[in-house]
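What follows is a single structure, written as C-alpha cells, with notes after it.
Quick note on labels: first sequence line is chain A, next is B, and so on, each numbered from 1. Only heavy atoms go into these numbers, but all of them, side chains included; no hydrogens, no water, no symmetry mates.
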Amino acid sequence: MKDVRKIVYKIENLPTLPTVVSEVTRLLKDPLTSASDVSKVISEDQSLSARVLKLVNSAFYGFPERISSINHALVILGFRAVEDLVLMASVFNVFSKDSGGADFSRAEFWKHAIGCAVAAKIIGEKVRVISAEDLFVAGLLHDIGKVVLDQYMHNDFKEIVGVVKARDILMAEAEKMVLGVTHAEVGGWLAERWGLPSWLVKVIRFHHQPEAAGDSFREASAISLADILCRAKNIGSGGDNKVPSLKSRTWEEMKLPLSSLEPIMKELSQQVKRTGVFLALAREGK
Amino acid sequence: MAKKITIQRVKPGMKIIKPVHNLQGVALLQEGVVLNEKYISILRSWGIPEVYIEGGEETPDDRKAKRREAFKITKEIERKFAGVIKNKIMDEIMSIAKKQLAEEIEEG
C-alpha cells in the first residue's frame with residue numbers, strides 16, 4: 001500500500017494559490033483590519049478582483065444593484081464571504097485547464113462541484129454547522145483531489161477512470177485499487193499545503209467517511225449528503241456514476257427531519273440554474 | 001401557445017413570447033425576438049434560468065418521448081443506487097429523486 005506522501009512526491013510543480021489568498025486570511029485574523037486594508041490587497045490583483053466581482057454580481061447572489069468594487073463587496077457581503085470568494089476564484093484559476101482526457105470531463109466535474117456547493121449551503125442553513133457560506137466553499141472543493149490526480153498524475157488517473165467504467169464502481173474504490181490512496185486523501189493533503197483552515201482540510205479528507213472527521217463530523221456529514229443529493233439528481237458528474245451510501249449515524253449527526261429532504265432537493269435544482277457564472281469561471285479560469 | 005423552457009434547451013430560431021428581464025428589471029429581450037447565438041449568450045451571461053418561447057400544443061409524440069425519457073431516468077437512478085446500504089434515508093432520497101426528475105421532464 002502506497003502512502004499519500006509517496007504519491008504526492010511524484011507531483012512536480014505543485015499547484016499553488018496566489019499569495020493574496022493567505023494575505024487576506026492573515027488580515028482577517030487581525031481585529032484592527034479595515035475594509036480598505038483588505039480591498040487594497042485584493043485590488044492589487046486586477047484579474048482576481050475582476051473574477052470576484054463577476055461572481056458577486058452573478059444571478060446566484062441576485063443583488064438589485066451592481067457591486068462595482070471590492071470595497072463595496074466587503075461592505076455588502078462582509079469579510080468572510082469575500083474571503084471565500086477570493087479562495088474560490090483563485091482555485092478556478094488554478095484548475096480550469098482541461099487535461100484533454102476523454103473520459104473525465106472537467107466541465108461535468110465543476111458542475112458537480114458547484115451543485116455540491118449549493119446543496120451544502122442549503123443544508124447548512126438548516127443544520128447547526130460552522131456557517132452555510134463556509135459549507136458552500138467546502139462543497140466546491142471536496143473533490144479537488146480528483147483534479148490534482150487528473151492534472152498531475154494523468155496516466156494513473158486515466159487507469160482509474162478506466163477501472164471505474166469497466167466495473168461501474170465509485171471513483172474512490174478504483175483509486176484504492178490503482179494507487180492505494182483516494183482523491184479525498186490527496187485533496188486533504190493539498191488543502192493542508194495551501195494552509196486552508198483545519199475544519200476544511202478534515203471535511204475534504206473525510207467526505208466519504210464523515211465519522212472520522214472528529215470535531216468536523218457534522219460539516220463532513222453535510223458535504224457527504226450534498227454529494228449524494230447531486231448524484232441522485234444528475235447534477236454534473238465527478239467521473240463515476242454511482243451513489244455512495246449515507247450511514248444512519250451520519251444522517252443523525254445533522255439532526256434533520258426526514259421530511260426536509262424533499263424541499264432541500266427541490267431548492268437545489270432551482271438554485272443550480274442560477275450558477276452559470278460560477279461554471280463559466282470554473283471552465284475558463286478568468 | 002407559449003412554452004416555458006430552461007436556458008439549457010433554448011436554440012437559435014426559437015421565438016421569445018414573453019419579454020425577458022434581468023434582476024434589475026432591465027429588459028434584455030422583447031417579445032417577438034427570434035433567438036440567435038448572440039441573444040442566447042446574453043441570456044446565459046445574465047444567468048436567466050428560463051424563457052417563454054412560442055410553441056404549439058404538445059403532440060402525442062412529445063408525450064411519448066417524455067414518458068420514454070422519464071422511464072429511462074428512473075431506470076438510471078435505480079442502477080446508480082444499486083448496492084447502497086439499505087436504510088430509510090437512502091430509500092427516501094431515491095424516491096424523491098425519481099419523482100422530482102420526472103416532474104422536471106414534464107415541465108420541459
What part of [X] gets within 4.5 angstrom of chain A, counting heavy atoms only: side chain, backbone, both, or neither?
X: S45(B); result: backbone
X: I85(B); result: both
X: E50(B); result: side chain
X: K99(B); result: side chain

task = For a salt bridge (Lys or Arg N to Asp or Glu O under 4.0 Å) with E106(B), tell me which candidate from R63(B), R67(B), K4(B) qualifies.
result =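 One option only clears the test, and that one is R63(B).
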Ion pair check, [X] and [Y], cut-off under 4.0 Å:
X: E211(A); Y: K247(A); answer: yes
X: D91(B); Y: K88(B); answer: no
X: E104(B); Y: K233(A); answer: yes
X: K80(B); Y: E76(B); answer: no

query = With a 4.5 angstrom heavy-atom cut-off, which part of F63(A) approaches chain B: side chain, backbone, both or neither?
reply =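 The answer is the backbone of F63(A).
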remark   = Turns out that what part of I264(A) lies under 4.5 Å from chain B's heavy atoms comes down to neither
request  = On the 0 to 90° scale, with breaks at 30° and 60°, tag the F157(A)-F104(A) ring pair as parallel, tilted or perpendicular.
outcome  = perpendicular
request  = Kindly assign one of parallel, tilted or perpendicular to the pair H142(A) and H207(A), based on the angle between their ring planes and the thresholds 30° and 60°.
outcome  = perpendicular
Sort out for me which of [options] touches chain B most, counting heavy-atom pairs under 4.5 Å.
options: Q270(A), K266(A), K242(A); value: K242(A)
options: M265(A), E65(A), R66(A); value: M265(A)
options: D168(A), L229(A), V277(A), I228(A); value: D168(A)
options: S248(A), G276(A), S58(A); value: S248(A)

Exam field: side chain K54(A) to backbone S49(A), donor-acceptor pair closer than 3.5 Å =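 The answer is no, because no donor-acceptor pair under 3.5 Å joins these two groups.
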key: Sequence-distant partners of E108(A), side-chain contact (heavy atoms from CB on, under 4.5 Å), two or more places apart   =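 Applying side-chain contact (heavy atoms from CB on, under 4.5 Å) to E108(A) gives S105(A), K111(A), S237(A).
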key: Pick from I89(B), I93(B), L101(B) with the largest number of heavy-atom pairs that fall under 4.5 Å of chain A   =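 Of the options given, most contacts go to I89(B).
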request  = Among the options N87(B), I7(B), I77(B), I73(B), pick out the one with the most heavy-atom pairs lying under 4.5 Å from chain A.
outcome  = N87(B)
message = Suppose we screen for salt bridge (Lys or Arg N to Asp or Glu O under 4.0 Å). Which residues come up paired with E92(B), at least two apart in sequence or across chains?
response = none
task = Can you check whether anything in residues 33-44 of chain B gets within less than 4.5 Å of chain A, heavy-atom wise, and list it by number?
result =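 Expected list: none.
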request  = Tell me, please, which residues at least two apart from R231(A) pass side-chain hydrogen bond (donor to acceptor under 3.5 Å, both in side chains).
outcome  =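 Result, side-chain hydrogen bond (donor to acceptor under 3.5 Å, both in side chains) vs R231(A): D227(A), D240(A).
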ask   = Closest approach of L268(A) and G115(A), non-hydrogen atoms and distance?
value = CD1-O, 3.5 Å
